[in-house]
2 protein chains.
Amino acid sequence: MPSQTTENYLKALYHLHLKNPEISLTELGQRLEVSKPTVNEMIKKMEKQGWVTYVRYKPITLTEDGEREAAKVIRKHRLSEMFLTEIMGFGWEEVHQIAEQIEHLKSDAFFDRMDELLDFPTKDPHGSPIPDREGNFLDNNYQMLSQMEEGQTVVLNALRSSGKEFLMFLNKKEISLGLEITINQIEAFDRSVTVSYGKHKNVVLSQAVAAKLLVSQTE
Amino acid sequence: MPSQTTENYLKALYHLHLKNPEISLTELGQRLEVSKPTVNEMIKKMEKQGWVTYVRYKPITLTEDGEREAAKVIRKHRLSEMFLTEIMGFGWEEVHQIAEQIEHLKSDAFFDRMDELLDFPTKDPHGSPIPDREGNFLDNNYQMLSQMEEGQTVVLNALRSSGKEFLMFLNKKEISLGLEITINQIEAFDRSVTVSYGKHKNVVLSQAVAAKLLVSQTE
DNA sequence: AATTCTTGTTAGGTGCTCCTAACTTTATAT
DNA sequence: ATATAAAGTTAGGAGCACCTAACAAGAATT
C-alpha cells in the first residue's frame with residue numbers, strides 16, 4: 001500500500017504525464033514543492049516499488065501499476081470533492097483542500113459508500129472523469145447501463161469488470177459485446193434495470209450488474 | 001497544532017486519566033502498542049509542548065491545554081462515528097476504524113458541517129458525551145436549550161460561550177443564570193425556539209443562541 | 001568545439017516516530 | 001532489611017521524507 005507521500009507523487013506524476021509521458025525530476029519537484037534531491041531519492045524508492053521506471057539522467061515514466069494507482073487516488077479525490085459539495089453542502093472553492101486530505105483515507109468501504117450516495121458519478125462537476133475503483137478511466141463515450149434512461153436503446157461496448165463469475169453470468173444471459181439493449185424500466189428503489197435484447201424480453205439486471213456494463217447510445 | 005501521533009497520545013491519555021489522573025508510561029505504552037522508550041521520549045516532547053506535566057519517574061498528568069486538546073480529538077472522533085452511521089449508513093461495527101482516520105483531518109469547517117448535519121448531537125449512540133468545539137465536555141445533566149422539547153420548563157445552568165457580545169445580548173434580553181424558561185415552540189425549519197421567562201412572553205431565540213444556553217429540566 | 005545553462009547527483013544532515021539491549025530507580029514481598 | 005520484580009531510563013540505531021551545498025552530466029548557444 002503506497003504511503004500518503006507516494007500517493008501525492010503518483011497524483012502529480014499522473015497529471016504531468018497527460019501533457020508529456022516523459023517527466024523530469026525538476027518538473028515534478030516544482031509541482032510538489034520539494035527540492036530536486038528529495039524527488040530524486042523518492043523516485044528511486046518508487047522505482048524499486050514498481051510505480052515508475054527510472055534510469056539515471058533519463059525522464060521518469062509511470063508504470064501501468066503506477067498509472068492505475070494514480071487513477072485510484074484521483075478517483076478518491078474527485079469523489080471526495082463531489083461528496084463535500086453534493087452531500088455536505090460545501091462550496092466548490094472550499095472543497096479542494098479538504099479533499100486533499102480525505103483522499104488518503106485507507107478504507108475502500110468509505111469511498112464505495114460515497115460513490116453509492118452520489119449515485120456512481122462518472123464525471124465531476126468540472127466535467128473531469130472519475131476513474132472506477134480499479135483505477136480505469138472510462139472512455140468518455142461509454143456510460144454505465146445503470147446511468148441511462150428508460151426507453152433508450154444502447155450498444156454494449158465494454159465491461160467494467162472482468163471477473164470469471166461475471167463473464168459466466170453474462171454468458172448464461174446471452175449478453176455479449178456489441179449487443180443492442182433496450183431499457184424498459186429503471187426501478188428507483190434499488191436501481192435495478194429491466195431490459196430487452198435479442199430474443200430476451202424484460203430481463204431484470206441488478207444495479208451491480210448494470211453498473212458494470214458500459215454502453216453508448218445508438219443514434 | 002498537534003501532530004497526528006500527538007493527537008493519538010492525547011486521546012489515550014484522556015481515556016486513561018478518567019480512571020486515574022496519574023498515568024504511568026507503561027500503561028500508556030500498552031494502550032498505544034509502543035515500547036516504553038518510545039513513550040518516554042514522546043512524553044518528554046509533549047511536556048515541552050505543554051500538553052502534559054512530567055517529572056522523571058513520576059506519573060504523567062494532562063495539563064488543562066492537553067485535556068482540552070484531547071477533548072477536541074474525541075469530539076472529532078465521535079462526530080465522525082455519528083456521521084458514518086447516521087448520514088452514510090454504516091453499521092456501528094465498521095465505523096470505529098474509519099473514524100480513527102477521519103478524526104485527524106485538519107479542517108474545522110469539515111467537522112462543523114458534520115455537527116450541523118447531525119443537528120448538534122451532545123451524545124453519541126453509546127451515550128458518550130460529545131465535547132463542544134472548544135473542547136469542553138458538557139456536564140452530563142446539562143443540555144442545550146435547542147435540544148429540548150416543546151412544553152418543557154428548564155433552568156439555565158451554564159453558557160457554552162462567553163464572548164462579550166453574547167453576554168451583552170443576554171443582558172439585553174434579561175436572561176441570566178438560574179432563570180426558569182418555558183419552551184413554547186420549536187420551529188422545525190430553522191430550529192429557532194420560542195420561549196417565555198420572567199415577564200417576557202414568546203421571545204424568539206435563534207438556533208445559534210439556543211445552542212449556547214445549557215439548561216436542565218426542572219422536576 | 002568550447003562555453004554556458006540546465007538538469008541530475010552525491011554527500012551529509014535534520015526531525016519525527018519507532019525499535020532493542022542494557023542499565024537504574026522505585027515498589028513489592030518475604 | 002534485603003531480594004526480587006516492575007517501572008523508567010539511556011544509548012544507539014532505523015526508516016521516512018525532507019533539506020543545503022557542492023559537484024557532474026547533458027543540452028543549448030555562440
Rounded off to whole Å, could you give me the [atom1]-to-[atom2] distance for the [X] and [N] pair?
X: N8(B); N: dT17(C); atom1: CG; atom2: P; result: 10 Å
X: I60(A); N: dT9(C); atom1: CD1; atom2: C1'; result: 14 Å
X: Y54(A); N: dG8(C); atom1: OH; atom2: C1'; result: 6 Å
X: E22(B); N: dA27(C); atom1: CD; atom2: P; result: 12 Å
X: M46(B); N: dC16(C); atom1: CE; atom2: P; result: 13 Å
X: K36(B); N: dT25(C); atom1: NZ; atom2: C1'; result: 12 Å
X: I43(B); N: dT17(C); atom1: CD1; atom2: C1'; result: 13 Å

Q. Given that I23(B) and Q49(A) both sit by DNA chain D, which one's nearest nucleotide is further toward the 5' end?
A. I23(B)

Q) Of P37(B) and E41(B), whose nearest nucleotide on DNA chain D comes first from the 5' end? A)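 Comparing both residues, the 5'-ward one is P37(B).
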
**Q.** More than 12 heavy atoms of other groups within 6.0 Å of K106(A) NZ
**A.**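 Count over threshold, so yes.
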
Q.
Looking at E116(A), I want to see if its CD is surrounded by more than 12 non-hydrogen atoms of other residues, nucleotides or ligands under 6.0 Å.
A. yes

Q. What orientation do F83(A) and F83(B) show, parallel under 30°, tilted 30 to 60°, or perpendicular over 60°?
A. perpendicular

Which part of the nucleic acid does [X] contact within heavy-atom distance under 4.0 Å: base, sugar-phosphate only, or nothing?
X: T5(B); value: sugar-phosphate
X: K44(B); value: sugar-phosphate
X: S35(B); value: base

Q: Would you mind telling me which of dC19(C), dC18(C), dG8(C) lies closest to the side-chain atoms of N40(A)?
A: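 Comparing dC19(C), dC18(C), dG8(C) against the side chain of N40(A), the answer is dG8(C).
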
Q) Can you list, by residue number, the residues of residues 25-34 of chain B that have a non-hydrogen atom closer than 4.0 angstrom to DNA chain D? A)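 The answer is L25(B), T26(B).
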
How close do [X] and [Y] get, counting heavy atoms only, and between which atoms?
X: M144(A); Y: F120(A); value: CE-O, 3.4 Å
X: P131(B); Y: R75(B); value: O-NH1, 3.2 Å
X: T6(B); Y: M46(B); value: CG2-CE, 3.9 Å
X: E103(B); Y: E7(B); value: O-OE1, 4.0 Å

Q. Taking atom types as modelled, is there a side-chain donor on Q4(B) or H104(B) under 3.5 Å from an acceptor on the other?
A. no

(Q) Checking T53(A) against T61(A): is there a side-chain donor and acceptor pair closer than 3.5 Å? (A)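 A pair is found: one side chain offers a donor N or O, the other an acceptor, under 3.5 Å apart.
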
Q.
With side-chain hydrogen bond (donor to acceptor under 3.5 Å, both in side chains) as the criterion, how do T63(A) and D65(A) come out once you've worked through the C-alpha distance, each side chain's angles and the decisive distance to 0.1 Å?
A. CA-CA 5 Å; T63(A) 61; D65(A) 272 14; 5.5 Å; no

Q. Counting only side-chain N and O atoms of Y9(B), is one of them less than 4.0 Å from OP1 or OP2 of dC18(C)?
A.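 Answer is yes, contact under 4.0 Å.
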
Q.
Does a side-chain N or O of S24(A) approach OP1 or OP2 of dT7(C) to a distance below 4.0 Å, or not?
A. no

Q | Opening and closing nucleotides of DNA chain D in contact with chain B, under 4.0 Å to non-hydrogen atoms | A |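 Footprint of chain B along DNA chain D, 5' to 3': dA7(D) to dT10(D).
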
